Peer 1: 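First the structure, which I've put down as structure tokens, then a few questions once you've had a look.
Note on naming: letters A, B, ... go to the chains in the order of the sequence lines (proteins, then strands), and numbering restarts at 1 for each one. In this text, all values refer to a predicted model and were calculated from it rather than measured experimentally.
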2 protein chains.
Amino acid sequence: MDDTPQSSRVSSTDQDAHARILRAALTEFTQRGYKGASTRGIAERAGVNEVTLFRHFGSKLDLLRAAVEQALMQMKIPQDLEPYLHGTLEQGLSQFISDYLLQVTAQSDILMLGFSEAFSQPEISDLLREFMWKMRGMIVRYFEAMRERGAIKEGDYPILAHIIMTSLHGAASMRKRTPIEMAQLSDERLTGCLVKTIVDAYARYAPDSPIHDTQLT
Amino acid sequence: MDDTPQSSRVSSTDQDAHARILRAALTEFTQRGYKGASTRGIAERAGVNEVTLFRHFGSKLDLLRAAVEQALMQMKIPQDLEPYLHGTLEQGLSQFISDYLLQVTAQSDILMLGFSEAFSQPEISDLLREFMWKMRGMIVRYFEAMRERGAIKEGDYPILAHIIMTSLHGAASMRKRTPIEMAQLSDERLTGCLVKTIVDAYARYAPDSPIHDTQLT
DNA sequence: TTATAATGCAAGTACATACTTACGCAAGTG
DNA sequence: CACTTGCGTAAGTATGTACTTGCATTATAA
């Protein structure tokens, strides 16, 4: 009698129920998996009655779909390579990778969910794979643009893109899951090492001499 | 009436029930997650009655623990670096990485399970983290040994190890989960690109001239 | 004021599933 | 033979949970 359910509704920044349920669903699904998450739990977390959840989304599976769809929509794939083609190879690559890592970290919930639920929810993993595919294509195109400018050597760009994506994704998910910091796996350190390695391995000219600053663009 | 349960028991290479249940449990847990897997399903897959499962392992959770423990036991971490310190940097690194990839691919079930169930089953993820930690230490020690021999430059070896592990793990899990081959992500291509990148980036001498063949060891 | 839409609440249904109990059968072992 | 050990079979219990239904409540808009 003391605390009315309304209080919790107001406390949740007063978004409409729809959005609150979506957010709650995503975190519950992520933390507990699809099977492990309960509609009751999601409703509680959203500060909403369980019935409202069903009125909005019909079924648990539809809720999952909606949550994933919405989350992937928010995940922006850089459509334009221009910003990353200025300056040194190192500068461009750094910017590119840290931008990507930002996205991955922010949306690591949905990525992890997609990975862990890939087997049981094919449609979800399709969405995810499509995203990964696009992202990979983007990175490959970035490398090709760099090669056309004479900044980097030939290489197995798709695999290189895969390495970049998986190591960033692995770091993001590890940071989410494990209480301890797996060896101070900071964004800066990771991107730094990744960029340095790629630059040292693929830069056409000695990486220490910033030759290409003017040439690029 | 036609096919007695005995037939399936015999067909399963006649291992004792214990081992068959463990194997069945691992794949079921991996494919469906802990919650998603049912003791009934595991028992069926093992060609065993559900009661037998409980008689052997007591509870579903204990079965999970046993399955994970056994799987991690089978996963060998190379204790001796010697074999990888002979020959070129490229040769040693190739061998090291492909050996590791073999392990990861063979045991990707348990790794994936550990990752996806990390949140709900802390003890499982502890086991997994311990393994990853050891493995990372191994790679780092390998790089340090190489540096002491003057074969490679300084670098952020722990992060480098992380990049190697995550990209290999990412590839293994991707291959398991997705029907399509994510861009012909073959072992050879992946290790090749990984090794080439690292060699090009960190070899002390021009990677094309195999100077160090005799010096190493 | 009245109608409509969105929500809460209480209760219930149907079903999957972890786990138990009790009993019977067969094989090996003393 | 008697005894144990391992397993199958049948049946049942308890619980969680997705989803439904019916009704009361509040706020907004006509």
Peer 1: Nearest-Å distance, OH (Y34(A)) to C1' (dA16(C))?
Peer 2: 14 Å

Peer 1: If I take atom CZ in residue F29(B) and atom P in nucleotide dT17(C), what distance separates them, rounded to the nearest angstrom?
Peer 2: 13 Å

Peer 1: Can you tell me the distance, in whole Å, between the CD atom of E44(B) and the P atom of dA18(C)?
Peer 2: 12 Å

Peer 1: Would a 4.5 Å heavy-atom cut-off, applied to side chains only, mark F143(B) and I198(B) as touching?
Peer 2: yes

Peer 1: Within residues 50-60 of chain A, which residues have any heavy atom lying less than 4.0 Å from an atom of DNA chain C?
Peer 2: V51(A), T52(A), R55(A), H56(A)

Peer 1: T39(A) and side-chain hydrogen bond (donor to acceptor under 3.5 Å, both in side chains): which partner among E50(A), E28(A), K60(A)?
Peer 2: E50(A)

Peer 1: So is R136(B) actually on top of W133(B)'s ring, under 6.0 Å and inside 45° of the axis?
Peer 2: yes

Peer 1: Between T39(B) and dT17(C), does any side-chain N or O lie under 4.0 Å from OP1 or OP2?
Peer 2: no

Peer 1: Take atom CG of D62(B) and atom P of dT20(C), then tell me their distance rounded to the nearest Å.
Peer 2: 11 Å

Peer 1: What is the nucleic acid contact for A43(A), judged by heavy atoms within less than 4.0 Å: base, sugar-phosphate only, or nothing?
Peer 2: nothing

Peer 1: With under 30° as parallel and over 60° as perpendicular, where do the rings of Y84(B) and F96(B) fit, or are they tilted in between?
Peer 2: perpendicular

Peer 1: How long is the line joining CD of E28(B) and P of dA16(C), in whole Å?
Peer 2: 16 Å

Peer 1: Without decimals, in angstroms, what is the distance between R40(B) CZ and dT9(D) C1'?
Peer 2: 15 Å

Peer 1: Checking the side chain of Q91(B) only, and the main-chain atoms of T88(B) only, is there a donor and an acceptor separated by less than 3.5 Å?
Peer 2: yes

Peer 1: Examine distances only and state if a side-chain atom of Y202(B) and a backbone atom of A201(A) form a donor-acceptor pair shorter than 3.5 Å.
Peer 2: no

Peer 1: If each of N49(A) and K35(A) is mapped to the nucleotide of DNA chain C with the nearest heavy atom, which maps nearer the 5' terminus, i.e. the 5' end?
Peer 2: N49(A)

Peer 1: Determine whether the side chains of D99(B) and Q95(B) contain a donor N or O and an acceptor N or O closer than 3.5 Å.
Peer 2: yes

Peer 1: Hey, is E130(A) close enough to K134(A) for a salt bridge, meaning N to O under 4.0 Å?
Peer 2: yes

Peer 1: Using only atom types and a distance under 3.5 Å, with no angle test, would you say the side chain of R147(A) pairs donor to acceptor with the backbone of I152(A)?
Peer 2: no

Peer 1: N/O contacts under 3.5 Å, protein versus nucleotides 13-15 of chain C?
Peer 2:
none

